[in-house]
Amino acid sequence: MAKQITLFDFTLKKEEKEAKEPRKEEIPQIISNEERKKPKDWIREAEEGKTYFLLQVDYDGKKSKAVCKLYDKETQKIYILYDSTNHKPYFLTDIEPEKVNKISKIVRDPSFDHLETVTKIDPYTGNKIKLTKIVVKDPLAVRRMRNAVPKAYEAHIKYFNNYIYDLGLIPGLPYVVKKGKLEQVNPELKGEEVDEIKKAFADSDEMTKEAVNDWIPIFESEVPDVKRVAIDIEVYTPVKGRVPDPEKAEFPIISISLASNDGSKRVLVLTREDVNSQISKHDVTVEVFKTEKELLQRFFEIIVDYPLVLTFNGDDFDIPYIYFRSLKLNFKPEDIPFDVVNDEGKYLAGIHIDLYKFFFNRAVRNYAFEGKYSEYNLDAVATALLGMSKVKLDTLISFLDLDKLIEYNARDAEITLKLTTFNNNLVWKLIILLARISKMGLEELTRTEVSTWIKNLYYWEHRRRNWLIPLKEEILARSSQIKTAAVIKGKRYKGAVVIDPPAGIFFNVVVLDFASLYPSIIRNWNISYETVDVESCKNKEYVRDETGEVLHYICKDKPGITAVITGLLRDFRVKVYKKKAKSPNVSEEQRSVYDVVQRAMKVFINATYGVFGAENFPLYAPAVAESVTALGRFVITTTVGYCRSLGLQVLYGDTDSMFLWNPSKEKLEDIIKFVKSKFGLDLEVDKVYKFVAFSGLKKNYLGVYPDGKTDIKGMLAKKRNTPEFIKKEFNEIKQLVTTINSPNDIPKIKDELEAKIKDIYEKLRHKGYNLDELAFRVMLSKPLESYTKNTPQHVKAALQLKSYGVMVLPRDIIMFVKVKSKDGVKPVQLAKLSEIDVDKYVEAVRTTFEQLLKAFGINWSQFSTTSIDSFFNKK
DNA sequence: GCGGACTGCTTACCT
DNA sequence: ACAGGTAAGCAGTCCGCG
């Protein structure tokens, strides 16, 4: 469900709208737990000796057991396997069993099972420590008991994850069922392949070398192309601009589309009196129903054959709507293969992935897809990744002829499916790889952020080493000291260096870049929460920032867990899979698999530094984060100094990059060698520009490659909220600029620039742009009521929309124009071209183009004898 | 009571 | 709920002005 606000929301006047408000119907009755779902034969139990892919682990409350959800490639169905090891929920404490025995809140609890004494390893010292394990019958009991002991360890871990750690399971890998237990099936690799991987780790420490073997199956195991079906529903909506409330489920479901990677495409549609119900030929199977109940009945019949259901925003809309609507139509709860639990749409015959949540994930967006989409509705994501969009409508869904409705509905399911199948199943493979690395089940993985993934990976690795997972307070007691002051108010420590660039055009610019700077620092300096600022350490290395001041010290006695895992992933990525992804000896399809593998690693590698500086991360260690950025500054400052000592001009640099002006090959090699020998870091030639136009601002330039392609960074012209007409005009000017080949070409371009800007100004004055082109598009980041400190313009526009009866929600993009009226803004839907405040737009044009003009050394005041000149002089 | 200087808030970007 | 750094535009406040 897209949240775009469209023009036809306003075709009715306010009064009419209120008159048409439907009467409130009763919310469906709440059903008691007993009446709820009884297990159906939708899912069978796994068979002994068969091989399955582990997709996820859940807790079955009725059987009080962990249950594995498995996929069989042959039958393409889901199977379950209950725990046969008698595994139970537990937590740990550092007091003796005798003392725990005296705590009645624990031992008198009906769920209390027994106590055990266990030995764990202290991550800080490597010493063995004795702990008491409090074993219970039910995961909820841990929550009741954990406050009854002074220190409760590992008491905040979800039970099914605890099960995964204890059994060393890796979701996404193949397993064979042996004696009722899962046994990992390793991929068969050629000798040379293994040798090649081992070679990449020849210089690593023992801890890393041991771990390499365990990681190979994660990256090399085949990813099964699980059978899946994307679904999308359309609901009759008599009220304009309002999304139906799933919990009320007041209005009929008029159409459901299904699209599967087994090749089937289907639309189930309701015949209606109120619209043209003629149905012509479609390239999908169409089934027509007289009643909504029959339609849903048929839908359930089809869907339960699928092990995996995909939706776009199904957690918040499609699944709850189907569920509550079915109850309303008197389906028995046990006949509905869906449920709604904790704001999640559950699919009871298998697994449900809500792709909206996955694509919204910041790490997925930035690291895996390199920010290719910046809005998160189906249309935007599909357009960016597939080049495919939703069917455009010029009226409400409720008014569509059935033919159009079928087409529209079918497209949505098709796009949703394609989001996982395009490019050789790239997204699907990515999800599986992320699950394997994080050791998380698919449903949890696709609904949580990267910090949860990293937490889970580290917990699993702690358990594998039999390390005790320390309490947050214990980590903070050692590594909470912060010595630097952030540049930005409100931030906790100092970050990266940004070199102030000159304004101007520079030819032959080479960009050098440290390969994964922060991850490499973590690995090379052995940084981890248990190695920074710990006493009782023999070999210490001091961390200094760029001024030479000592900030922290790192213990080199033993490898740090963060350094080992980050180093491992980094080396696998750089030395093995990035190479394989480009290797000419590998088939095109295999290359794309390796590309997914390296992208999945990138997500973890790049986010690791950040999570240690994030207060809510359970292994939060500010000293770790501060050490990383300080070393980063030290490294780049030293290297910049070295470049300058070679007589080179370093024009610009940000965090891990350096823009060198016309350097010789010899000097570049010299610098790269210097960095390798001094820091053990890899410096690479990242880009070579024909020229770079610097505006003089940081994080703001236009780089042009020899072939005329461009990189625009940070400029107003590329910001989403800049009006479309400015972007369009900027693009034309950009094309002009790319034709520059030498300084001699500049004067001519200058003249053309000047002429072009005069044109824009004239066009603006004569209302030559339409309202949509003039709109600023700004995202509402929170509910309207939460803007208490001030009222920004997009909020003013949103308030006007709201008073008009249009629902406005967080993440909606508000489109508004600047006008000469009280608020100074109006939503495009309510504005007229005649009321536009031209001065404001001239100002916006000026600031946008100034960023480019400054590179050419042009000031607005330099435009002589023009109307623009006189205009700006009076400002 | 008005306007410029200033701070703070908000959004969107860069690495 | 990964981090900090930079920029733009506006909202709101303070202060001086005999």
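The analysis underlying the following values was restricted to heavy atoms, covering all of them including side chains, and did not include hydrogens, waters or symmetry mates. Just so we're on the same page: letters track the sequence lines, and every chain starts at 1.
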Just to be sure I understand the rule, does [X] reach a base, reach only the sugar-phosphate, or reach nothing, if contact means heavy atoms closer than 4.0 Å?
{"X": "Gly610(A)", "answer": "base"}
{"X": "Tyr493(A)", "answer": "sugar-phosphate"}
{"X": "Arg362(A)", "answer": "base"}
{"X": "Lys818(A)", "answer": "sugar-phosphate"}
{"X": "Thr608(A)", "answer": "nothing"}
{"X": "Ile488(A)", "answer": "base"}

*Is the base of dC2(C) touched by the side chain of Tyr367(A) through a donor-acceptor pair closer than 3.5 angstrom?*
yes
Is there a donor-acceptor contact under 3.5 Å from the side chain of Lys727(A) to the main chain of Lys719(A)?
yes
Could you state the atom-to-atom distance from [atom1] of [X] to [atom2] of [N] in whole Å?
{"X": "Phe694(A)", "N": "dT6(C)", "atom1": "CZ", "atom2": "C1'", "value": "15 Å"}
{"X": "Glu615(A)", "N": "dA3(C)", "atom1": "CD", "atom2": "C1'", "value": "13 Å"}
{"X": "Phe360(A)", "N": "dC2(C)", "atom1": "CZ", "atom2": "P", "value": "11 Å"}
{"X": "Phe612(A)", "N": "dC2(C)", "atom1": "CZ", "atom2": "P", "value": "14 Å"}
{"X": "Ile454(A)", "N": "dA3(C)", "atom1": "CD1", "atom2": "C1'", "value": "11 Å"}
{"X": "Ile522(A)", "N": "dC2(C)", "atom1": "CD1", "atom2": "C1'", "value": "11 Å"}
{"X": "Phe816(A)", "N": "dC10(C)", "atom1": "CZ", "atom2": "P", "value": "8 Å"}
{"X": "Leu716(A)", "N": "dG9(C)", "atom1": "CG", "atom2": "P", "value": "6 Å"}

Quick note, Val611(A) side chain, CB onward, closest among dA8(C), dC2(C), dG5(C) is dC2(C)
The nucleotide from dC10(C), dC2(C), dG5(C) with an atom nearest the side chain of Ala486(A) is dG5(C)
*asked:* As an exercise, state the distance from CZ of Phe359(A) to CG of Asn377(A), rounded to the nearest 0.5 Å.
replied: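 Going from the CZ atom of Phe359(A) to the CG atom of Asn377(A) covers 12.5 Å.
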Contact string for nucleotides 5-15 of chain B, one letter per nucleotide 5' to 3', B = base within protein heavy-atom range under 4.0 Å, S = sugar-phosphate only, - = neither, reads ---SSSSBSBS
Phe659(A) ring center near Tyr701(A) ring center (under 6.0 Å): yes
- Would one find more than 12 heavy atoms of other residues, nucleotides or ligands at under 6.0 Å from atom NZ of Lys734(A)? yes
Quiz prompt | Residue Lys820(A) excluded, over 12 heavy atoms near NZ under 6.0 Å | solution = yes
Phe730(A) side chain reached by Thr722(A) side chain, heavy atoms, under 4.5 Å:
no
Next item on the list: Decide yes or no for Phe776(A) and Lys818(A): does some side-chain heavy atom of the first lie under 4.5 Å from some side-chain heavy atom of the second?
Entry: yes
